[in-house]
Enquirer: 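Let me give you the structure first, and then I'll get to my questions.
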Amino acid sequence: MSKYRWVISLSIVLLLFTIFFIWVVPFKDFISVFSNAPKSASVTTATAQSKNNAEGESFLSNLRKGLKDKDADERIQSLRWLSGFINDKESIPEIRLIFERDDEKVRKTAAVALAYLDDKESFAKIAPELRKMLGEEDDDLRRAAITALARIDIKDSIPKIRHCLYDKSERVRCAAVEALANLNDRESLPVITGLLDNEAKPVKKAAVESYIKLHGQDNIAEIKKLLDYKDKVVPQWTIYRIDQWDIKVSATDIMRFLDADDILTRWSAASLMGKLSGREFIPKLKEMLLKDKDSTVRGWATVALIELGEKQDLTPKEGQYIARTRG
């Protein structure tokens with residue numbers, strides 16, 4: 001049973017990953033930790049990238065050399081790769097030197113890099129620089145500083161991060177919502193709850209996740225309140241997270257969402273029926289399996305039926321979906 005869920009999960013992750021990076025996230029965020037990559041990629045970065053697959057050690061070596069490149073943009077690019085993608089702890093001593101001696105632009109990147117690399121010895125030194133970055137004009141710098149401050153668990157920064165909930169940038173507001181949850185700032189819950197009503201879709205999704213984290217995944221009564229919101233984004237993302245995080249609501253709580261208009265809610269609801277032993281909804285799952293227009297929803301209905309012990313009762317047509325689920 002678990003292998004079917006694994007195959008479907010992998011397919012969905014790949015689909016969402018593709019959609020996310022094509023339509024949601026600007027390409028610059030794919031190739032950098034928090035800011036635009038230099039438009040004029042020089043020899044160091046180009047050489048490193050070209051050797052990524054063929055010679056991993058050479059790739060890493062070139063990135064480390066890039067920390068000493070004369071070009072500031074190259075040093076910044078190497079900092080992003082070594083911290084945001086590779087998590088190269090061995091580069092920490094050199095990055096500390098960059099933070100202490102380099103120009104301001106590179107020092108900001110180094111401060112974020114040391115936070116991403118979890119260099120606890122540097123936390124006290126980089127925290128003031130990160131807090132100062134919250135006032136930067138550049139949205140990406142503010143967002144990076146928020147995330148970095150949460151990663152190093154600097155509670156003194158909470159008031160400044162709360163202020164970022166009102167930032168002009170949608171992505172900065174998202175980062176602030178996520179950071180406050182990671183810092184377990186329960187005092188921010190009223191403001192985060194307010195974001196569920198009057199905010200852009202990405203911020204609402206971040207608010208749903210932070211609401212659940214701050215209330216606790218065992219606080220089912222509070223989580224169920226999200227299912228009753230009129231704005232469909234809130235219950236949609238709540239059901240998705242209930243499914244992904246294995247939150248133990250009842251199948252009856254989810255039943256009404258098997259007929260939701262949007263695909264994400266239907267497939268999450270169908271998936272949950274198997275997890276939550278919703279045997280009373282087997283007829284509905286079989287109806288979804290045969291009639292739903294979306295193949296992913298049909299696949300999850302199949303998985304749920306298998307998990308509910310209904311494999312022997314499936315029709316030949318339903319069996320075809322099982323074969324597809326198996327890959």
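As the structure is a prediction and not an experimental result, all values here were calculated from the model. Atom set for the values below is all heavy atoms of this structure, side chains included, hydrogens, waters and symmetry mates excluded.
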Enquirer: Please, which pairs that meet ring-ring contact (aromatic ring centres under 6.0 Å, His included) have at least one residue in residues 159-206, sequence neighbours excluded?
Expert: none
Enquirer: Are the side chain of S78 and the backbone N or O of L63 linked by a donor-acceptor pair below 3.5 Å?
Expert: yes
Enquirer: Under a 3.5 Å threshold, yes or no: a donor from one side chain and an acceptor from the other, between R131 and S157?
Expert: yes
Enquirer: For D156, enumerate each residue passing the salt bridge (Lys or Arg N to Asp or Glu O under 4.0 Å) test, keeping only those at least two apart in sequence or located in another chain.
Expert: none
Enquirer: Under a 4.5 Å cut-off applied to non-hydrogen side-chain atoms, are E74 and L67 in contact?
Expert: no
Enquirer: Would you sort out whether R75 and D73 count as a salt bridge (charged side-chain N to carboxylate O under 4.0 Å, His left out), showing the intermediate values?
Expert: CA-CA 5 Å; R75 297 197 298 280; D73 283 338; over 6 Å; no
Enquirer: Are W81 and L97 connected into the same hydrophobic cluster when the rule is that any two of I, L, V, M, F, W, Y join if their side-chain heavy atoms are below 4.5 Å apart?
Expert: no
Enquirer: Atom NZ of residue position K284 - does it have more than 12 heavy atoms of other residues, nucleotides or ligands inside 6.0 Å?
Expert: yes
Enquirer: Yes or no on side chain to side chain contact (heavy atoms under 4.5 Å, CB included) for M288 and L258, after CA distance, side-chain angles and deciding distance?
Expert: CA-CA 8 Å; M288 292 178 76; L258 291 171; 3.7 Å; yes
Enquirer: Take a 6.0 Å sphere around CG of D218 and say whether it holds more than 12 heavy atoms from other residues, nucleotides or ligands.
Expert: no
Enquirer: Is there a path of hydrophobic side-chain contacts, each under 4.5 Å between heavy atoms, that joins I92 and V112?
Expert: yes
Enquirer: A quick test of your reading: do over 12 heavy atoms of other residues, nucleotides or ligands sit less than 6.0 Å from CG of D103?
Expert: yes
Enquirer: State, yes or no, whether a side-chain contact exists between V303 and W267 at a heavy-atom distance under 4.5 Å.
Expert: no
Enquirer: If you take all heavy atoms of V177 and A206, which pair is closest and at what distance?
Expert: CG1-O, 3.4 Å
Enquirer: Does a side-chain heavy-atom distance below 4.5 Å link M273 with L305?
Expert: no
Enquirer: After noting the C-alpha distance and the side-chain angles of Y229 and W237, does the key distance pass the ring pair (Phe, Tyr, Trp, His ring centres under 6.0 Å) rule?
Expert: CA-CA 11 Å; Y229 268 72; W237 206 248; over 10 Å; no
Enquirer: Which distance, rounded to the nearest 0.5 Å, do you find between the OG of S271 and the CD1 of I239?
Expert: 11.5 Å
Enquirer: Determine, using the 4.5 Å side-chain heavy-atom cutoff (strictly less than), whether V233 and F257 are members of one ILVMFWY cluster.
Expert: no
Enquirer: Supply the atom-to-atom distance D253 CG to M255 CE, rounded to the nearest 0.5 angstrom.
Expert: 9.0 Å
Enquirer: Does the pair R256 and D228 meet the rule for a salt bridge (charged side-chain N to carboxylate O under 4.0 Å, His left out), with working shown?
Expert: CA-CA 11 Å; R256 57 187 153 135; D228 294 325; 3.0 Å; yes
Enquirer: Side chain to side chain contact (heavy atoms under 4.5 Å, CB included), that's the test. Do R101 and R107 meet it? Break it down for me.
Expert: CA-CA 8 Å; R101 301 175 184 176; R107 288 183 73 252; over 6 Å; no
Enquirer: Any sub-3.5 Å donor-acceptor pair from R266's side-chain atoms to V297's backbone N or O?
Expert: no
Enquirer: Is there a side chain to side chain contact (heavy atoms under 4.5 Å, CB included) between K68 and E94 once you walk through the steps?
Expert: CA-CA 9 Å; K68 298 180 180 180; E94 185 63 34; 3.4 Å; yes
Enquirer: Provide the closest heavy-atom pair for M133 versus R142 in the form atom of the first, atom of the second, distance.
Expert: O-CG, 3.7 Å
Enquirer: What closest approach, in Å, do S277 and L308 show between heavy atoms, and which atom pair accounts for it?
Expert: CA-CD2, 3.7 Å
Enquirer: Output, in order, the C-alpha distance, side-chain angles, deciding distance and verdict of side chain to side chain contact (heavy atoms under 4.5 Å, CB included) for E187 and L180.
Expert: CA-CA 9 Å; E187 291 184 27; L180 291 169; over 6 Å; no
Enquirer: So which heavy atom on Y211 is nearest to which on I192, and how close?
Expert: N-CG2, 4.4 Å
Enquirer: Of all heavy-atom pairs between V234 and L196, which one has the smallest distance, and what is that distance?
Expert: CG2-O, 3.6 Å
Enquirer: Can you find a heavy atom in the side chain of E209 that is under 4.5 Å from one in the side chain of Y240?
Expert: no
Enquirer: Taking S210 for its side chain and A207 for its backbone only, find out whether a donor-acceptor pair lies under 3.5 Å.
Expert: no
Enquirer: Consider side-chain contact (heavy atoms from CB on, under 4.5 Å). Of R171, R173, E136, which one does R143 pass it with?
Expert: R171
Enquirer: Given D243 and K275, is the salt bridge (charged side-chain N to carboxylate O under 4.0 Å, His left out) satisfied, shown in steps?
Expert: CA-CA 8 Å; D243 183 25; K275 287 183 179 180; 2.8 Å; yes
Enquirer: If you group Ile, Leu, Val, Met, Phe, Trp and Tyr by side-chain heavy-atom gaps below 4.5 Å, do I282 and L272 land in one group?
Expert: yes
Enquirer: What's the separation between atom CG in L82 and atom OG in S91, rounded to the nearest 0.5 Å?
Expert: 4.5 Å
Enquirer: Report yes if some heavy atom in the side chain of I152 is under 4.5 Å from a heavy atom in the side chain of L130; otherwise report no.
Expert: yes
Enquirer: Does K155 reach the side chain of I158, with side-chain heavy atoms less than 4.5 Å apart?
Expert: yes
Enquirer: Side-chain contact, heavy-atom cut-off 4.5 Å: Y116 with F85?
Expert: no
Enquirer: Between E280 and T252, which heavy-atom pair has the shortest distance, and what is it?
Expert: OE2-OG1, 3.9 Å
Enquirer: I'd like to check D88 versus R64 (side-chain heavy atoms, cut-off strictly below 4.5 Å). Are they in contact?
Expert: yes
Enquirer: When rounded to the nearest 0.5 angstrom, what is the spacing between CG in L214 and CG in N219?
Expert: 11.5 Å
